[in-house]
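Working notes, structure below.
Naming convention: chains lettered A, B, ... in sequence-line order (proteins, then strands); numbering from 1 in each chain.
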Number of protein chains: 2
Amino acid sequence: MPGMATQTPLAAVEPLKVACASCNLRELCLPVGLNAGELDQLDGLVGKRRPVPRGEHLFRNGERFEALYAVRTGFFKTCVGSEDGRDQVTGFQMAGELLGLDGISSDHHHCDAIALEDSSVCVIPYAQLEELSRDFTVLQHQFHKIMSREIVRDHGVMLLLGNMRADERLAAFLLNLTQRLQARGFSPSSLVLRMTREEIGSYLGLKLETVSRTFSKFQDDGLMEVKQRQLRILDQAGLQAIVNNSRC
Amino acid sequence: MPGMATQTPLAAVEPLKVACASCNLRELCLPVGLNAGELDQLDGLVGKRRPVPRGEHLFRNGERFEALYAVRTGFFKTCVGSEDGRDQVTGFQMAGELLGLDGISSDHHHCDAIALEDSSVCVIPYAQLEELSRDFTVLQHQFHKIMSREIVRDHGVMLLLGNMRADERLAAFLLNLTQRLQARGFSPSSLVLRMTREEIGSYLGLKLETVSRTFSKFQDDGLMEVKQRQLRILDQAGLQAIVNNSRC
DNA sequence: CGCCGTTTTGACTCGGTTCAATGCACGTGG
DNA sequence: CCACGTGCATTGAACCGAGTCAAAACGGCG
């Protein structure tokens, strides 16, 4: 599988049990700012890891909410659906990001979380997290920050969906994706998409054909190379310019 | 001011100091589930009320985050803006709803909050709220629920912006608005809008002309009466049907 | 009264959807 | 090993919903 090489520089097959203290996602995940003793306690709480094969649900809309999940390896999407068949991808989650925050509101999940490749998550029982965060103010604050960050992210997506044209949306999406990959030690210019054109389209409020056409246009304009899901960003500044300028 | 009558059945000019325990928004706001002693403590925390005249900012994007605000009376909008001039209304807040949650993520506000009519808010210093919620698990849980509910709401808006047509968006907006007004003891069928067509359009990802036209269409179809900002819902089920059916 | 912000309405344009055909990569079984 | 099937991606052509531009009407207020 040479195509995946650019996105798997870190441990290939890691042991099932990795303490938060020695987890390479420590600085992106819930434990930010915790000292050694606190990390130990958090470890006691995060008892289980859970593998989620590609295409499988981590949880479904309507299921009872009991735990949050931290992505350890792999890649997920979350989607909400309405009574009539429509559904909307609300986000893509990669290593270190938290899934399930929507479930707190009513003790039931409000979206589906689906693995886009073979993945694994750390299970964080929510009742215990609340308990522990009463003792560790740093953990409490970090948790609140993560929830707040999700709200800020959502507002950014609203801006994108409400105001931007197709090319602006896709450019913003690509920049966001590469930035997050870069924060995890991957190349900011070369990446392999884990999702289909249709899933990108659903997230961006576009049809898959529009996504495809816009990729082609970016390629024609020399901004990037597109070979199916294998992408190479050639002109990051050019993409940024598309996002910034409403008219040009 | 006869036009406002339908939306001011409760206390006209209330005293500046109202304890959470005797606040009529108790069941919609942060204090849900707290006992008498806990309410007292929360009251100690929520020291100040702050009036916000129509058109004024409660807070601005970039300002230091120090407190959350509970709407006591009046009506607000929140909006985010991008570098280039675009901006997007991310929500409308009425009595009992919390403002400022986005600020937790980085100690700075990420949006503007603006009063759409003369309003007042309860100031909830955030550091003290974190502290108090370490002692009162009910308060802690209620606060988490409120944040989570905002995330769920945002995902609903994404679905709306990503998948729905103009008439579906406006119908969904009207139903949401009347439902929230009803929860506060107002008529579910008669209401006065506090925002302009442009603000509605910004929230729904539409231009003001489209909002206006769609109102006119709903009126022609006998679903509602529209006299400028004075609305009367004649066929709630009809609006619901528009939201549910993607094609009809 | 006359101004001004807001709303309504009309005519035209255009970006993105829809429908449809073709191409590409990959796995599976003959 | 190649033929075939399947899912995903690309591309084209026609169409349509919402945007744009412009003008007129409404309502509130100095």
Side-chain angles (χ1 to χ4, degrees), chain A residues 1-4 54-55 77 85-86 88-89 114 116-117 160-171 173 192-221 224-231 242 245-248, chain B residues 1-4 54-55 77 86 88-89 114 116-118 160-171 173 192-221 224-231 242 245-248:
Chain A
M1 51 183 75
M4 296 180 61
R54 175 194 161 103
K77 69 168 176 180
R86 291 183 277 215
Q88 168 80 21
V89 172
I114 299 167
L116 296 181
E117 59 179 331
L160 179 145
L161 292 172
N163 282 291
M164 294 186 167
R165 285 178 297 103
D167 55 346
E168 299 171 330
R169 294 184 198 192
L170 189 62
F173 170 73
V192 178
L193 295 177
R194 303 271 107 118
M195 70 292 274
T196 66
R197 301 287 189 263
E198 184 168 21
E199 285 162 339
I200 296 173
S202 173
Y203 182 59
L204 298 178
L206 302 168
K207 294 294 155 184
L208 67 95
E209 294 95 329
T210 305
V211 175
S212 182
R213 273 186 252 272
T214 309
F215 269 131
S216 299
K217 186 169 86 66
F218 285 173
Q219 184 163 235
D220 293 347
D221 295 351
M224 59 187 301
E225 257 176 52
V226 183
K227 282 207 274 289
Q228 306 282 130
R229 295 193 188 183
Q230 175 81 259
L231 307 183
I242 289 178
N245 295 293
S246 49
R247 299 282 119 203
C248 80
Chain B
M1 49 182 83
M4 295 180 61
R54 174 193 161 105
K77 68 169 177 179
R86 290 182 279 215
Q88 168 80 21
V89 172
I114 299 166
L116 296 182
E117 59 179 331
D118 289 348
L160 180 145
L161 292 172
N163 282 290
M164 294 184 168
R165 286 179 296 103
D167 56 347
E168 300 171 329
R169 294 184 198 191
L170 190 62
F173 170 73
V192 178
L193 295 176
R194 301 274 109 114
M195 70 292 273
T196 67
R197 300 287 189 262
E198 185 169 21
E199 286 162 337
I200 296 173
S202 172
Y203 181 60
L204 299 177
L206 302 169
K207 294 292 155 185
L208 70 95
E209 294 94 329
T210 304
V211 174
S212 180
R213 272 185 252 274
T214 308
F215 270 131
S216 299
K217 187 169 84 67
F218 285 172
Q219 184 162 235
D220 293 347
D221 296 351
M224 60 188 299
E225 258 177 52
V226 183
K227 283 209 270 293
Q228 304 281 129
R229 297 193 185 182
Q230 176 81 260
L231 308 184
I242 289 178
N245 296 297
S246 49
R247 297 283 122 200
C248 81

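Residue Q230(A) contributes atom CD, which lies 11 Å from atom P of dC26(C) at whole-angstrom precision. As rounded to whole Å, 14 Å separates atom C1' of dT10(D) from atom CZ of R229(A). Rounded to whole Å, atom P of dT18(C) lies 12 Å from atom CD of E198(A). Between I200(B) atom CD1 and dT6(C) atom C1' there is a gap of 12 Å when expressed in whole angstrom units. What separates CG of D220(A) from P of dG12(D) is a distance of 10 Å, to the nearest Å. Straight-line distance from the CE atom of M164(A) to the P atom of dG15(C): 17 Å, rounded to whole Å. To the nearest angstrom, P of dG19(D) lies 14 Å from CZ of R86(B). Here the P atom of nucleotide dG19(D) and the CZ atom of R165(A) are 14 Å apart, to the nearest Å.
Side-chain atoms of L208(A) lie closest to dT10(D) of the nucleotides dT20(D), dT17(C), dT10(D). Comparing dT8(C), dT10(D), dA13(D) against the side chain of S216(B) picks out dT8(C) as the nearest. Looking at the side chain of K207(B), the nearest of the listed nucleotides dT20(D), dC8(D), dT10(D) is dT20(D). In the set dG19(D), dG16(C), dT8(C), the nucleotide with an atom closest to the side chain of V226(B) is dT8(C).
When the nearest nucleotides of DNA chain C are assigned to T210(B) and V211(A) by heavy-atom distance, the more 5′-ward of the two goes with T210(B).
G205(B) comes within 4.0 angstrom of the backbone, heavy atoms only, and of no base.
Residue-to-nucleotide contacts include no donor-acceptor pair under 3.5 Å from the side chain of R197(B) to the base of dT9(C). Side-chain N/O atoms of R213(A) and base N/O atoms of dG12(D) include a donor-acceptor pair closer than 3.5 Å. Below the 3.5 angstrom threshold, one finds a donor paired with an acceptor across the side chain of E209(B) and the base of dC21(D).
Side-chain atoms of R197(B) do not come within 3.5 Å of backbone N or O of K207(B) as any donor-acceptor pair.
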Quiz prompt | Worked verdict on T214(A) versus L206(A) for side-chain contact (heavy atoms from CB on, under 4.5 Å) | solution = CA-CA 11 Å; T214(A) 309; L206(A) 302 168; 5.6 Å; no
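Here R169(B) contributes atom CZ and N163(B) contributes atom CG; the two are 9.0 Å apart, rounded to the nearest 0.5 Å.
If you run salt bridge (Lys or Arg N to Asp or Glu O under 4.0 Å) between E117(A) and each of R194(A), R229(A), R54(A), only R194(A) comes through.
At least one side-chain nitrogen or oxygen of S212(A) sits closer than 4.0 Å to the OP1 or OP2 atom of dT10(D).
The 12-atom threshold is not exceeded at CD of E198(A), counting heavy atoms of other residues, nucleotides or ligands nearer than 6.0 Å.
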